[in-house]
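Note: hydrogens, waters and symmetry copies are ignored here, and every other heavy atom, side chains too, is used.
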Amino acid sequence: MKRLSYLLPLLAMACGEPAPSEQAIEATPAAPREVNVYTHRHYDTDKALFAAFTEKTGIAVKVIEADDDEVLERMAQEGANSPCDVLITADAGRLGLAKARGFLQPVTSDVLSANIPANLRDPEGNWFGLTMRARVIAYDKTKVKPEELKNYADLTNSKWKGKVLVRSSENVYNQSLLAAMIAHDGPEAAKAWAKGIVRNMAREPKGGDTDQLLAIGEGLGTVTIANSYYIGKLMASEEPEKQKAKAVIGVVFPAMGAHGTHVNISGGGVAKHARHIPEAIALLEFLSSDEVQRSFAEGNKEYPVKAGIPASAELAAFGSFQRDTLNLEALGRLNADAVKLFDEAGWH
Ligand SMILES: [Fe+2]
């Protein structure tokens, strides 16, 4: 039983219910009203959300920002002394690794179970998806017909030789994409796909997803794989250096064999050595609430995980799509296999 009854008024507030009376607040024991968050997400929108959480609940949020991998190393070094209550990071693969390394603990929450689809959270409650992204194919509309790219496997067709732009396999997004292929089609098929991409590469993998999109704008290749929010942000951008890419990029939601488009999450979990567990759960619940889901959708061009919340106009313009329903727990479990297959395939 992780939730303490004295926190119920706070949880009720976080869920938009009527505020508790002054008396109810005074009656709460003198528990520390704070929650320490380790996050790689350094968006202004997130800061505003944490402030809104404090406003609603009186729970102070202390944020420690760190690079994705740094954050896990920090937790490893701190061990049982870690002040972290909530870990927020991108990619179910990374959250799965955090769980495997013993940095998280299972919690139960009816609110989180109701708000977040089962395949977007750890079956054991160690982490919860808070925003969703699709890993899509972006293409040059002036050179490619979207009918040519219905499946991730289509990118291995020899007609794309010298035209596929991709980032390094060291990045967890590609590792998770390949882990999903391993889960569905087995390691041999996944390795054959990775080899096929290597054969078609326009250049050595470098840069992030946005760099690949900009490279399409420069004519350095015609197709790439990118997370949907990078394309959403590109489409919303007024920056002069982004306009060439913005003008030519189209999006397809590829199938993965018989399955839908690979989706992934940015999410959070309660830290193994958390000292503020009820507050940590309350924060995660708040982040899954309607108002925050709406804010995630607009602010960072991510898909809400909660059903019924619309995507941003930029994402809605790409159309709807069939999602792969794979439980994302597989991405952490198969991460090491994916890394090994990339290495064998020569995708560095
Ligand atoms: Fe990202």
Side-chain angles (χ1 to χ4, degrees), residues 90-93 95-96 115-123 127-139 144-157 160 164 166 171-190 192-194 196-197 209 223-232 249-267 293 296-297 301-312 314-335 337-338 341:
D91 205 288
L95 283 160
N115 287 350
I116 304 167
N119 69 310
L120 303 184
R121 51 186 159 87
D122 176 40
W127 52 263
F128 301 85
L130 298 169
T131 66
M132 193 183 78
R133 60 280 302 276
R135 195 142 179 81
V136 301
I137 297 176
Y139 64 94
V144 177
K145 290 193 210 68
E147 305 83 70
E148 296 176 276
L149 296 161
K150 292 190 167 152
N151 201 300
Y152 294 99
D154 292 335
L155 289 171
T156 63
N157 189 304
W160 305 114
V164 179
V166 279
N171 180 265
V172 73
Y173 301 152
N174 282 336
Q175 293 169 9
S176 286
L177 179 69
L178 199 65
M181 280 185 201
I182 297 169
H184 285 313
D185 303 322
E188 285 309 312
W193 180 81
I197 297 293
D209 286 6
V223 287
T224 189
I225 303 167
N227 280 356
S228 46
Y229 58 91
Y230 290 117
I231 307 171
I249 284 194
V251 173
V252 288
F253 291 97
M256 185 177 284
H259 307 275
T261 301
H262 172 67
V263 293
N264 205 322
I265 49 103
S266 168
Q293 289 290 301
F296 280 146
K301 310 302 174 197
E302 295 188 71
Y303 291 101
V305 291
K306 188 167 190 281
I309 309 292
S312 64
E314 289 83 5
L315 295 195
F318 303 151
S320 59
F321 66 101
Q322 192 202 331
R323 303 171 188 181
D324 185 3
T325 55
L326 177 72
N327 190 302
L328 298 190
E329 161 278 332
L331 307 185
R333 184 165 43 81
L334 297 171
N335 179 272
D337 294 357
L341 291 185

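In this structure, the separation between OH on Y139 and CD on E148 is 10.0 Å, given to the nearest 0.5 Å. L178 contributes atom CG, which lies 9.5 Å from atom CG of D337 (distance to the nearest 0.5 angstrom). Distance CD1/I182 to CD/E188: 10.5 Å, rounded to 0.5 Å. We find the CG-CG distance between L326 and L331 to be 6.0 Å, quoted to the nearest 0.5 Å. Summarising the geometry, atom NZ belonging to K306 is positioned 8.0 Å from atom CD belonging to Q293; distances are rounded to the nearest 0.5 Å. Between the CE atom of M181 and the CG atom of L177 there is a distance of 4.5 Å, given to the nearest 0.5 Å.
Applying the ring pair (Phe, Tyr, Trp, His ring centres under 6.0 Å) test to W193 and every residue at least two apart in sequence or in another chain returns W347. A search for ring pair (Phe, Tyr, Trp, His ring centres under 6.0 Å) contacts involving Y230 returns nothing, not counting sequence neighbours. Partners of R323 under the side-chain hydrogen bond (donor to acceptor under 3.5 Å, both in side chains) rule, at least two apart in sequence or in another chain, do not exist in this structure. Remark: Y303 pairs with F321 by the ring pair (Phe, Tyr, Trp, His ring centres under 6.0 Å) rule, at least two apart or across chains. Scanning for side-chain hydrogen bond (donor to acceptor under 3.5 Å, both in side chains) contacts around N227 gives R135, Y229, with sequence neighbours left out.
Heavy-atom minimum distance, E302 versus L315: C-CD1, 4.0 Å. Residue P117 comes nearest to V305 through the heavy atom pair CD-O, 3.2 Å, listed as atom of the first residue, atom of the second, then distance. Closest approach of A330 to A179, counting heavy atoms only: O-CB, 4.5 Å. Of all heavy-atom pairs between S312 and K301, the closest is OG-CD, 3.7 Å.
N335 is listed as a side-chain neighbour of V172, based on a closest heavy-atom distance under 4.5 Å. Side-chain contact check for D154 versus K150: some heavy-atom pair is nearer than 4.5 Å. Counting heavy atoms from C-beta on, the side chains of F296 and L130 come closer than 4.5 Å. Residues T131 and P304 form no side-chain contact, since every pair of their non-hydrogen atoms from C-beta on lies 4.5 Å or further apart.
Between the side chain of T156 and the backbone N or O of A153, at least one donor-acceptor pair lies under 3.5 Å. Of the possible polar contacts, one joining the S228 side chain to the A134 backbone as a donor-acceptor pair under 3.5 Å is found.
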Test side-chain contact (heavy atoms from CB on, under 4.5 Å) applied to V144 and V223, step by step: CA-CA 8 Å; V144 177; V223 287; 4.3 Å; yes
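The side chain to side chain contact (heavy atoms under 4.5 Å, CB included) with V136 is formed by just one residue from the set I231, T224, L149, I225; it is I231.
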Please output the side-chain donor-acceptor pairs of residues 251-267 that fall under 3.5 Å, not counting sequence neighbours, one pair per line with the distance.
from : atom 1 : to   : atom 2 : distance (Å)
H259 : NE2    : H184 : ND1    : 3.1
T261 : OG1    : F253 : O      : 3.4
T261 : OG1    : P254 : O      : 2.8
N264 : OD1    : A92  : N      : 2.8
N264 : ND2    : D91  : OD1    : 3.2
N264 : ND2    : D91  : OD2    : 2.9
S266 : OG     : R41  : NH1    : 3.0

